[in-house]
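Encoded as structure tokens, the structure appears first; notes follow it.
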Amino acid sequence: VILETDLRRALEKREFFLVYQPQQRLENHRIEGVEALLRWNHAERGIVSPADFIPVLEETGLIHEAGDWILEEAIRQAAEWSRQGLELRMSVNLAAAQVENPHLITRLCGLVKDYQLPPAQLELEITESTAMRVPEQTLLNLRKFKQCGFQIAIDDFGTGYSSMSYLLQFPLDTLKIDRAFVKEITHGKRNRAIVTALSTLSFHLGLTTIAEGIELESQRDYLDALNIDMIQGFMIARPLVPEQLLAFMRAYD
Ligand code: G
Ligand code: G
Ligand code: MN
Ligand code: NA
């Protein structure tokens with residue numbers, strides 16, 4: 001079990017770090033953005049997955065402190081890369097408590113100003129289930145995010161039990177098709193139907209569509225025939241630490 005004291009120590013001793021997974025435009029193979037993913041370098045356990053400790057951060061309220069660090073680090077990194085001539089959209093996952101925090105917007109606007117990052121270069125990823133927890137509140141906060149110029153992505157799309165018409169009232173820029181659907185695309189007729197339907201919906205709503213979890217060329221070839229803008233997955237690259245990302249980008253062109 002992961003304890004609150006472990007997480008406090010992790011924050012104090014800076015045991016958290018971010019890795020960045022490239023997102024590739026399907027059409028021209030350009031890397032246009034990265035998704036920041038949290039990792040914990042635990043003294044005894046080694047690298048711990050956020051799936052195991054984000055819920056504990058949420059339960060203990062430490063998500064505010066951790067989330068603040070994640071946002072600042074991702075913004076700092078994106079600004080640093082931009083100065084080096086590497087302009088990448090930075091996507092950051094937001095936990096429910098962050099989306100619902102009325103002070104987050106002020107902090108975010110301040111951060112991009114301090115680091116001189118164009119707000120449109122930051123994308124905030126919100127899962128379908130997060131968005132639907134307190135939908136009225138989410139709608140108000142997402143509108144504020146848009147006013148400040150940030151991009152908004154709906155993550156893990158299609159996995160929740162939401163009213164789609166409600167979900168699509170949010171001011172979205174990007175729709176991420178969950179990797180569960182992509183995984184079986186070359187075998188299962190049902191998943192093929194779901195990915196086709198979601199990508200068509202997203203396209204006609206004018207959203208950028210990202211398919212996640214592409215591991216195989218056969219999956220990419222299938223997606224090529226659909227209205228999918230971007231792909232993300234181990235086939236392109238695993239989530240990388242900054243030095244690895246720079247090496248990847250140098251070797252890429
Ligand atoms: O990288 P992956 O195992 O790495 O992530 C597991 C889960 O943790 C995913 O659902 C992912 O969205 C979530 N996650 C990864 N990084 C972050 C983060 O910085 N903040 C939040 N809230 N969730 C994250
Ligand atoms: O929930 P979210 O989509 O934010 O989580 C992203 C998660 O997906 C992270 O855990 C990340 O490490 C993982 N991931 C990224 N690409 C792939 C992939 O190609 N295959 C699998 N199995 N997982 C992936
Ligand atoms: Mn995500
Ligand atoms: Na996802």
Side-chain angles (χ1 to χ4, degrees), residues 2 7 10-11 15-24 31 33-42 46-78 89-101 104 108 122-131 133 151-160 172-186 198 208-220 222-223 230-241 244-245 248:
I2 289 159
L7 289 166
L11 277 164
E15 293 173 355
F16 291 129
F17 64 102
L18 295 180
V19 286
Y20 301 92
Q21 187 173 38
Q23 297 172 332
Q24 183 196 66
I31 304 297
V34 290
E35 178 178 0
L37 293 159
L38 183 63
R39 295 291 181 265
W40 179 10
N41 191 3
H42 189 284
I47 307 297
V48 185
S49 164
D52 298 331
F53 65 87
I54 296 265
V56 188
L57 285 176
E58 299 211 61
E59 284 158 27
T60 55
L62 286 171
I63 192 67
H64 294 287
E65 199 179 331
D68 194 71
W69 178 83
I70 293 163
L71 283 163
E72 179 160 12
E73 180 57 13
I75 289 167
R76 188 202 61 73
Q77 185 64 77
R89 184 180 56 249
M90 176 65 72
S91 296
V92 183
N93 292 283
L94 292 185
Q98 291 179 281
V99 181
E100 289 155 22
N101 175 3
L104 185 73
L108 268 174
L122 183 71
E123 182 161 75
L124 304 167
E125 285 195 14
I126 294 150
T127 66
E128 183 183 329
S129 51
T130 288
R133 270 196 0 165
Q151 310 251 96
I152 300 170
I154 190 104
D155 199 6
D156 299 349
F157 193 82
T159 58
L172 306 174
D173 300 282
T174 303
L175 186 150
K176 297 189 78 175
I177 299 178
D178 195 73
R179 70 177 138 93
F181 303 126
V182 172
K183 201 175 164 203
E184 299 291 332
I185 197 171
T186 50
L198 292 181
T208 297
T209 313
I210 305 187
E212 301 185 292
I214 284 73
E215 297 182 356
L216 306 166
E217 273 188 47
S218 53
Q219 292 166 334
R220 186 186 51 192
Y222 192 85
L223 295 171
M230 316 271 302
I231 55 173
Q232 181 182 344
F234 295 167
M235 199 208 101
I236 315 299
R238 290 188 170 259
L240 305 168
V241 295
Q244 291 173 322
L245 185 93
F248 171 83

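Numbers for residues simply follow the sequence, beginning at 1. Worth knowing before you read on, the calculation uses all heavy atoms, side chains too, and leaves out hydrogens, waters and symmetry mates. Just follow the structure's listing: the first ligand is 1, and inside any ligand the first atom is 1.
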Aromatic contact, F16 with F53 (centres under 6.0 Å): yes
Quick one: does ligand 2 sit under 4.0 Å from the side chain of R238, the backbone, both or neither, non-hydrogen atoms only? neither
D155, N/O/S atom nearest the Mn ion (ligand 3): OD2
Measure N93 to ligand 1 on non-hydrogen atoms and call it side chain, backbone, both or neither using the 4.0 Å cut-off. both
Location of contacts on I70 toward ligand 1, heavy atoms closer than 4.0 Å: side chain
Between E125 and the Mn ion (ligand 3), is there a contact where an N/O/S atom of the residue lies under 2.8 Å from the metal? yes
What do we get for S49 next to ligand 1 when only non-hydrogen atoms under 4.0 Å count, side chain, backbone, both or neither? side chain
Just which atoms of ligand 2 are under 4.0 Å from any heavy atom in E35? 4 (O)
Region of E125 engaging ligand 1 - heavy atom pairs below 4.0 Å: neither
Looking at E123, E125, E35, which one forms a salt bridge (charged side-chain N to carboxylate O under 4.0 Å, His left out) with R89? E123
The atom name of the N, O or S atom in E35 nearest to the Mn ion (ligand 3) is OE2
Residue A95 vicinity, atoms of ligand 1 by number, heavy atom under 4.0 Å: 22 (N)
In terms of atom number and element, which parts of ligand 1 are under 4.0 angstrom from non-hydrogen atoms of I54? 20 (N), 21 (C), 22 (N), 23 (N), 24 (C)
